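Beneath this line is the structure, given in C-alpha cells, with notes to follow.
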Amino acid sequence: MRIGKPVLSQSRSLCVNFTMNEYDFAVVGGGSAGYAAARTAVAHGLRTVVIDGAKELGGLCILRGCMPSKTLLESARRYRVMRKASEFGLRAEGVGFDAGAIVARKRQLIGEFADYRRQQLESGGFDLLRGSASWNDGVLSVNDRDGGQSTVRARRILISTGSKISRPPIPGLSDVAALDSDDILELESLPASLIILGAGPVALEMATYCHSLGTAVTVVQRNVQVLTGADRDCADAVEAGMRKEGVTLFTGTRIEQISRTPAGVSVRFSTSTGVQSAVAAAILNALGREPQLAGFEQAGLATAAGRLTVDARQRTSHPEIFAAGDVCGPYEVVHTAIHQGEVAARNVARDLGALDGPPEEIDYRLKLFAVFSEPQFAAVGATESELRAAGVPFRKATYPFADHGKSLVMGETEGFVKVTAHRVSGEILGAAVVGPDAAEIIHEAVVAMRYRATVAEFATIPHYHPTLSEIWTYPAEELAHARD
C-alpha cells in the first residue's frame, strides 16, 4: 500500500533535481540505522528519501568502526598466534609484519563493503540526496557540497545521523596533536609507544592491536574499572588478561595535564596513591563519541546526557520525528541501531495507516555486547548490578577456561564464562564470557535466552566434546541443581 502523494521525481539516483519534494518518510543519515529504516519503510509502501551529507556513503560501522577495526585486529591475532608457535611444537622463524600492508588490506576490504552499501542506497527503492539537512518548522533544507539546495517536506522524519568523536576539555589535549579512532585505523607505521586515554571498547581494541604488533601501550582510565558498565568480575578479568599480555593500565585516575616534551607526549594524572606520569611517542584519544545532532536545533528535541530522548517506539519529544542509532543510544552497537531503525519505520507505517496493529516497542532484554580485546569480552542480557537495582532475585555461576579441555588444547586459558538465572524460575537472565572466541560463543546463550530457556533446559542441550561451547554446560548444571 502506497500512501502520501507521489510527486515530481521518479529518479533513484544521487542527483534528484527539485525545489520541493514531498515524502511520507525522510531518513536523515544513511548508515546502518538509516538504511534499515528506509528499506523497511519502502517494504510497507512509504514514499521515502534518504539524506546523507557524509563525504563517503557507508556509515560509521563500515567506514571507521566495526569492520576496519576488526580487520586490523584479525591481522594482530594471527601475528600473536605465529609468535607462540613454539608452544605448540612448531617453528616459525623470521616472523614479522608490514603495517602498511595490513592497512592496505583493510582499505581494500572496506572499499568493497562501502561499495556494496552505496549500491544498496542507490537502488533501494527510495530517493537518495547527498547533502546536509537542517530542520525548520517541519521542512528539511538540504545543502549539497556543490552549493545547491533543495527542500524536502515529509510526514515523518527519522534522525539517524550517528556520532562524532568526543574531544573533552582535558588540559593540554588539544595542544599535542592526539590521534583519534579514525587516525589509528590509517597508521601505516605504528609508534614505538602509545598512551591511550580511556578503557572502553575502542581503547581496549586498539591497545590490543598496537601492543600485539610491538607498540608499548599504556592505558589511562578515569573509572575504577575498564569497560565501564560491565560486571566488575568481567572487567577485572579483562584487565588482568591484558596486563598479563604486557599492556600497562591505570584505573581510577584524574588527568591533570597533557603536554608535549622532547621525549614525546607526557600525561600527568592522579590516582589513589598519588600523582603519576606516563610518557610515550604518541597519544590516542579514545574517550568515546557523542551524538551528531547538527541541523535539528530548531526542533527543540529533548535530550539526556547529550543524546536524543526517545520512547520505546523510537519517537522523540516531537510527535513527527523519530530517532535511531548513536544519536539516541542507549547502546552504540550496529545490530541495535538496525533494530531501532526497523522499529521506527514500522511505527511510522502504523502512524500513516500503511501497517495495521498496535505500535511496536523495542525490547533490550537481549542486549548484546562484545569487545575484541585480548582477552575478548562478550555479554548478553542484564548485568548483576541491573538485576540488583531492579530487585530481581538471581543466582550466578562461573566456570574458568583454565579448567576446560578445549581451551587447554588451544593454549587459551584466560577468563571464564558466567550465567545468571532467576532464583525461582531458573530462567537465564544474563551471560558473559571473558576469554577465547567470546564474541562467537556468547551467541549460544543469546539463543537460549531468546526462547526464555531455564538453566535446567540449557544444561540438557547436547554439546560435542571437546569444544569451547560445552563450557556453558558447567555453570548451567550448577545453577540447575542449586538450592537455597
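Note that this is a predicted model, so its numbers are computed, not measured. FYI, the numbering just counts along the sequence from 1.
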Next item on the list: Can you tell me which residue pairs pass the side chain to side chain donor-acceptor pair (under 3.5 Å) test with a partner in residues 60-74, sequence neighbours excluded?
Entry: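 Residue pairs with at least one partner in residues 60-74: Lys70-Glu205, Glu74-Arg77, Glu74-Arg78.
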
Notebook entry, point to check: Among pairs that include at least one residue of residues 348-359, which meet side chain to side chain donor-acceptor pair (under 3.5 Å), considering only residues two or more places apart or in two chains?
Noted result: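 Found Arg156-Asp351, Arg315-Asp351, Asn347-Arg350.
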
Just how far is it from atom [atom1] of [X] to atom [atom2] of [Y], taken to the nearest 0.5 Å?
X      : Y      : atom1 : atom2 : answer
Ile170 : Ile258 : CD1   : CD1   : 5.0 Å
Asn21  : Thr151 : CG    : OG1   : 10.0 Å
Leu179 : Cys210 : CG    : SG    : 8.5 Å

Look only at the side chain of [X] and the backbone of [Y], and say whether a donor-acceptor pair between them is shorter than 3.5 Å.
X      : Y      : answer
Thr336 : Val334 : no
Ser160 : Val28  : yes
Ser425 : Glu427 : yes
Glu386 : Thr383 : yes
Thr40  : Ala345 : no
Gln221 : Ala199 : yes
Glu361 : Ala312 : no
Asn136 : Val139 : no

Notebook entry, point to check: With no hydrogens and no angle check, do the side chains of Glu256 and Ser270 hold a donor and an acceptor under 3.5 Å apart?
Noted result: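 Glu256 vs Ser270: donor-acceptor pair found between side chains.
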
Next item on the list: Assess the side chains of Gln120 and Arg117: does a donor N or O sit below 3.5 Å from an acceptor N or O?
Entry: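 Arg117 and Gln120 do have a side-chain donor-acceptor pair below 3.5 Å.
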
For [X] and [Y], work out which heavy atoms get closest and say how close.
X      : Y      : value
Ile184 : Ser181 : CG2-O, 3.4 Å
Glu297 : Leu293 : OE2-O, 4.1 Å
Ser373 : Thr208 : CA-OG1, 3.4 Å
Ala448 : Ile428 : CB-CD1, 4.2 Å

Checklist line | Chi angles and distances behind the ring-ring contact (aromatic ring centres under 6.0 Å, His included) call for Tyr331, Phe369 | finding: CA-CA 9 Å; Tyr331 309 111; Phe369 189 65; 8.6 Å; no

Next item on the list: Kindly indicate, with the supporting measurements, whether the criterion side-chain contact (heavy atoms from CB on, under 4.5 Å) is fulfilled by Val50 and Tyr35.
Entry: CA-CA 8 Å; Val50 173; Tyr35 173 68; over 6 Å; no

Item checked: Stepwise salt bridge (Lys or Arg N to Asp or Glu O under 4.0 Å) check, Lys396 with Glu384 -> CA-CA 9 Å; Lys396 69 173 180 178; Glu384 290 185 48; 3.2 Å; yes

Between [Y] and [X], is there a side-chain heavy-atom distance shorter than 4.5 Å?
X      : Y      : value
Leu72  : Ile102 : yes
Thr309 : Ser317 : no
Thr316 : Phe322 : no
Leu57  : Leu128 : yes
Ile442 : Leu368 : yes
Gln149 : Ser141 : yes
Arg313 : Val343 : no
Val42  : Phe25  : no

Checklist line | side-chain contact (heavy atoms from CB on, under 4.5 Å) between Ile159 and Ile321, worked out | finding: CA-CA 7 Å; Ile159 304 173; Ile321 301 178; 3.7 Å; yes

Checklist line | Non-neighbouring partners of Asp52 that pass side chain to side chain donor-acceptor pair (under 3.5 Å), sequence neighbours left out | finding: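 Asp52 satisfies side chain to side chain donor-acceptor pair (under 3.5 Å) with no residue once adjacent residues are dropped.
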
Notebook entry, point to check: Looking at residues at least two apart in the chain, or sitting in another chain, which of them share a side chain to side chain donor-acceptor pair (under 3.5 Å) with Asp236?
Noted result: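 For Asp236, the residues satisfying side chain to side chain donor-acceptor pair (under 3.5 Å) (neighbours in sequence not counted) are Arg232.
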
Next item on the list: Using salt bridge (charged side-chain N to carboxylate O under 4.0 Å, His left out) as the criterion, list what pairs up with Lys106, not counting sequence neighbours.
Entry: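 Here the qualifying residues are Glu186.
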
Checklist line | Residues forming a salt bridge (charged side-chain N to carboxylate O under 4.0 Å, His left out) with Asp115, sequence neighbours excluded | finding: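 Asp115 satisfies salt bridge (charged side-chain N to carboxylate O under 4.0 Å, His left out) with Arg118 once adjacent residues are dropped.
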
With sequence neighbours excluded, tell me which residues meet side chain to side chain contact (heavy atoms under 4.5 Å, CB included) with [X].
X      : value
Glu56  : Leu63
Met67  : Cys61, Ile110, Phe113
Ala421 : Val455, Leu479

Margin query: Around atom CZ of Arg260, are there more than 12 heavy atoms from other residues, nucleotides or ligands closer than 6.0 Å?
Written below: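 It does: Arg260 CZ has more than 12 such atoms within range.
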
Notebook entry, point to check: Counting only heavy atoms not in Arg254, do more than 12 sit closer than 6.0 Å to its CZ atom?
Noted result: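 Atom CZ in Arg254 is not crowded, with 12 or fewer foreign heavy atoms closer than 6.0 Å.
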
Note to self: Under 4.0 Å between a side-chain nitrogen and a carboxylate oxygen: does that hold for Arg107 and Glu188?
What the structure shows: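 Yes.
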
Notebook entry, point to check: Going by an N to O cut-off under 4.0 Å, is there a salt bridge joining Arg47 and Asp24?
Noted result: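 Result for this pair is no, no salt bridge flagged.
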
Do any side-chain atoms of residues 278-291 form donor-acceptor pairs under 3.5 angstrom with protein atoms, and if so which ones, sequence neighbours left out?
residue	atom	partner	partner atom	Å
Asn285	OD1	Leu287	N	3.1
Asn285	ND2	Ser166	O	3.0
Arg289	NE	Ser163	OG	2.8
Arg289	NH2	Ser163	O	2.9
Glu290	OE1	Ser166	OG	3.4

Margin query: For residues 322-348, which residue pairs pass the salt bridge (charged side-chain N to carboxylate O under 4.0 Å, His left out) check, not counting sequence neighbours?
Written below: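 Qualifying pairs: Arg39-Glu342, Arg307-Glu332, Arg346-Glu360.
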
Margin query: Strictly by salt bridge (charged side-chain N to carboxylate O under 4.0 Å, His left out), give each pair with a member in residues 166-179 just once, sequence neighbours left out.
Written below: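 Applying salt bridge (charged side-chain N to carboxylate O under 4.0 Å, His left out) to every pair that reaches into residues 166-179, excluding sequence neighbours, yields Arg167-Asp180.
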
Next item on the list: Hey, can you tell me if Phe458 and Trp472 have their rings parallel, tilted or perpendicular (30° and 60° cut-offs)?
Entry: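 Rings of Phe458 and Trp472: tilted, 30 to 60°.
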
Checklist line | His422: which of Thr454, Leu387, Val392 passes side chain to side chain contact (heavy atoms under 4.5 Å, CB included) | finding: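 Passing option: Val392.
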
Item checked: Residue pair Val27, Ile51: steps toward the side-chain contact (heavy atoms from CB on, under 4.5 Å) verdict -> CA-CA 6 Å; Val27 177; Ile51 305 167; over 6 Å; no

Notebook entry, point to check: Yes or no on side-chain contact (heavy atoms from CB on, under 4.5 Å) for Tyr116 and Ile62, after CA distance, side-chain angles and deciding distance?
Noted result: CA-CA 10 Å; Tyr116 182 63; Ile62 290 176; over 6 Å; no

